[in-house]
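Step one of this worksheet: look at the structure below.
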Amino acid sequence: MHLAYPAVLAVLLFCTGLYGVLARRNAILVLMSVELMLNAVNLNLVAFDVWLRDTLHAGQALTLFTIAVAAAEIGIGLAIVLLVYRNRGSSDIDRLRDLAERPSGPDGAGSADAPRQPQPDTGAEATA
Amino acid sequence: MTLAAASHGFLSPTGVEIAFVLVGIATLGAALMTVGSRQLVHAALWLVVALGGIAVEYLLLTAEFIAWVQVLIYVGSVVVLLLFGLMLTKAPIGPSPDADSGNRWVALTVAGAAAAALVWVVVDAFRATWIDLDGAAQGSAEAAGRSLFRFWVLPFEALSVLLLAALVGAVALSRRGGGAKGAAETLAPAAREGRL
């Protein structure tokens, strides 16, 4: 088999996941796109392992490790998303802007944002 | 995929290559539906198709053990976890028009540019490289287990510690807090239990 087939498929899957990470708004959909990117890397690892006929089978062992790390990552990630949802009433990553840099000055932004920031949270909690 | 097929069209493709390309097209279509679907639960179900397609690709690359691990862990548990997450965060069942954020076109541009550059580089680099799939299967359970427990024992054990740490971390994160939180702390779990 030509090596370009799995390599190109892995590239396209990775870029699909990249688009999903950048464009999605729900945190769980972002996690799904991360899974797609990890799977693209796994496909590359397996293809190159089979191509090189590695005696240590480093590619396949690393693929197994990547799958296990991805399982741990999805567990922790979903726990964090559920915690954020429980505290904020939303898993919309566009609205979680507490750590964002304000474009205006430091003192004006602090005084302007402090009363304004809790408003969407209380509204979301009321709906939740 | 079409670019690769066009630039090497003078070769007669083997049956494995044809199967790989067909399954690859299905996988890529499912992945595109995953990142493009407006219904959140449908996106998770398309992810099942994409991950299953990748498992079939592993089988075609003679990596059987990885394929079954992929089916067991990804299709079996990760997607179920994602569906649980969607349900627990009260994702809308119907179509949600705000599934994509405002920087959709920026994301499309970045992903398209990355795909074009990477496909060009990869095809140019591996133009004359072939995988020899004949002989004994390199990814059988016996070969994978032998290499895993002969050469990779220490990373394997370290990974089990990492999984344990992740388990404890997930339990500690999702445990109910000290009760000093606001109304959301009491409202959301009650609604969640009512839903389940």
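Order of the sequence lines sets the chain letters (A, B, ...), proteins ahead of strands, with each chain counted from 1.
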Which bit of [X] comes within less than 4.5 Å of chain A, counting heavy atoms only: side chain, backbone, both or neither?
| X | result |
| --- | --- |
| L159(B) | side chain |
| V16(B) | both |
| T89(B) | both |
| A44(B) | both |
| A172(B) | neither |
| F156(B) | both |
| L51(B) | side chain |
| I73(B) | side chain |

Could you look at [X] and say if it's the side chain, the backbone, both or neither that has a heavy atom under 4.5 Å from chain B?
| X | answer |
| --- | --- |
| D94(A) | side chain |
| V11(A) | side chain |
| L78(A) | side chain |
| L43(A) | both |
| D92(A) | neither |
| L52(A) | neither |
| A27(A) | neither |
| S91(A) | side chain |

Between chain A and each of [options], count heavy-atom pairs under 4.5 Å; write down the option with the most.
| options | result |
| --- | --- |
| A107(B), A166(B), A111(B) | A107(B) |
| V78(B), V110(B), L82(B), V171(B) | L82(B) |
| L40(B), V122(B), I66(B), L148(B) | I66(B) |

For residues Q60(A) and Q138(B), report the shortest heavy-atom separation together with the two atoms involved. NE2-O, 3.8 Å

How close do A50(B) and L36(A) get, counting heavy atoms only, and between which atoms? CB-CD2, 4.2 Å

Taking [X] for the side chain and [Y] for the main chain, is one N or O donor matched with an acceptor at less than 3.5 Å?
| X | Y | answer |
| --- | --- | --- |
| D124(B) | W120(B) | no |
| H57(A) | G145(B) | no |
| R86(A) | V81(A) | no |

What donor-acceptor contacts under 3.5 angstrom involve side-chain atoms of residues 23-36 of chain B, with partners at least two apart or in another chain?
from: T27(B); atom 1: OG1; to: V23(B); atom 2: O; distance (Å): 2.7
from: T34(B); atom 1: OG1; to: A30(B); atom 2: O; distance (Å): 2.8
from: T34(B); atom 1: OG1; to: L47(B); atom 2: N; distance (Å): 3.3

Hydrophobic cluster membership, L12(A) vs V49(B), 4.5 Å side-chain cutoff: no

Kindly state whether the ring of Y5(A) and the ring of F126(B) have centres lying under 6.0 angstrom apart. no

Output all residues satisfying side-chain hydrogen bond (donor to acceptor under 3.5 Å, both in side chains) with Y19(A), sequence neighbours left out; order by chain, then residue number. R104(B)

Chain B: which of L64(A), T63(A), L29(A), I93(A) shares the most heavy-atom pairs with it under 4.5 Å? L64(A)

